[in-house]
Q: 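Below: one structure in structure tokens.
We use all heavy atoms of the structure for the numbers below, so side chains are in, but hydrogens, waters and symmetry mates are not. Whatever order the structure lists ligands and atoms in, that order sets their numbers, starting from 1. Keep in mind the model is a prediction, meaning the values are calculated, not measured.
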Amino acid sequence: MIVVERKSDLHQIVAEHKKGGSKIGFVPTMGALHQGHISLVREARAKAGVVVVSVFVNPIQFNDPKDFETYPATISEDKKLLEQNGCDIVFIPSVAEMYPEVPSEQYDFGTMETVMEGACRPGHFNGVAVVVRRLFDLVQPDLAFFGQKDFQQLAIIKRLVSQLGLPIEIISCPTVREQDGLAMSSRNVRLSAEQRESSARISSALRNAVRGAYGATPDAIVANAVKYINQDKNLDVEYIDIVDQESLEKTAGSDLRNSVICAAVFAGNVRLIDNMLFT
Ligand code: PAF
């Protein structure tokens, strides 16, 4: 596995591979890798000739400075895991390398970026779009792999690629869960033992919702899911919404076939997100 820190080196190495006709698979990450990330790397390994992974904690997508400061960093373990799981090139740029000047790009995703995560984390998706676009320009991937756990991010990246007409296939990979159902996340290591145990309730609530146990209308489902989660003193729902899987507009009627239920929940000061599809 080659470790690259400079954009110019990455560009050159990737260009050589592309000249040789290899298909490039790309997995962007912020490090602190877990089995969810590794499932993306394995999928890339299965589908592409060359696998590139980036590890960059992107400061401009954090609206809460504390969240940025406390974001876990495990770079030597990350490198080992990547090597063991078939990564060919890992790109680990510094902030100065990615942003030699203050980035000024502005993207417009309409209401897709103002609902749910966008409403709670203003500017977050512009920050994600800026870094992903820059990484796409450097890596020039044929395929890029994103986890379904960040459902809104995935929908916005698909929109970014179609808005810009980029020749990149976005591959959505299923959420990887702990045994009790908690979606894997780099932030899970910040949960206390008690919060960790309580957090399994989030996926239980979403599973009950998609199985029809909470009623048939979005309002009833959301109210019951919120009630179930908030019954646990360690948890506090920030939002639960049922939206269209593509446009992210709120589902109005009771035809939920193309909908997804998305949640953000605080366990203490750790913010957890999860979602499940109705289909
Ligand atoms: O999902 C993430 O880890 C990040 O948002 C991403 C896509 C790597 C951009 O910084």
Q: Pairs under 3.5 angstrom only: tabulate donor-acceptor contacts from the side chains of residues 42-49 to other protein residues two or more places apart or in another chain.
A:
unit_1: R42; atom_1: NE; unit_2: N85; atom_2: OD1; d: 2.9
unit_1: R42; atom_1: NH2; unit_2: N85; atom_2: OD1; d: 2.9
unit_1: E43; atom_1: OE2; unit_2: K47; atom_2: NZ; d: 2.5
unit_1: R45; atom_1: NH1; unit_2: G86; atom_2: O; d: 2.7
unit_1: R45; atom_1: NH1; unit_2: D88; atom_2: OD1; d: 3.3
unit_1: R45; atom_1: NH1; unit_2: D88; atom_2: OD2; d: 2.9
unit_1: R45; atom_1: NH2; unit_2: A48; atom_2: O; d: 3.4
unit_1: R45; atom_1: NH2; unit_2: G49; atom_2: O; d: 2.9

Q: Over 60° means perpendicular and under 30° means parallel, so tell me whether F146 and F136 are parallel, tilted or perpendicular.
A: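 Judged by the thresholds at 30° and 60°, the geometry between F146 and F136 is perpendicular.
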Q: Rounded to the nearest 0.5 Å, what separates atom CE in M98 from atom NZ in K7?
A: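 Separation between the atoms: 7.0 Å.
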Q: Test question: given the 4.5 Å side-chain rule for I, L, V, M, F, W and Y, name all other residues clustered with L143, or answer none.
A: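 Cluster partners of L143: M1, V3, V27, L33, I38, L40, V41, V51, V53, V55, I75, L81, L82, V90, I92, F145, I171.
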Q: Hey, what polar pairs (N/O, under 3.5 Å) does ligand 1 make with protein?
A:
unit_1: ligand 1; atom_1: 1 (O); unit_2: Q153; atom_2: NE2; d: 2.8
unit_1: ligand 1; atom_1: 5 (O); unit_2: Q61; atom_2: NE2; d: 2.9
unit_1: ligand 1; atom_1: 5 (O); unit_2: Q153; atom_2: OE1; d: 2.7
unit_1: ligand 1; atom_1: 10 (O); unit_2: Q61; atom_2: OE1; d: 2.6

Q: What are the two closest heavy atoms between A264 and I273, and how far apart are they?
A: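 Here A264 and I273 meet closest at CB-CG2, 3.9 Å.
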Q: With sequence neighbours left out, write down each residue that passes side-chain contact (heavy atoms from CB on, under 4.5 Å) with H34, or none if nothing qualifies.
A: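 Once residues adjacent in sequence are excluded, the partners of H34 under the side-chain contact (heavy atoms from CB on, under 4.5 Å) criterion are H37, M184, S186.
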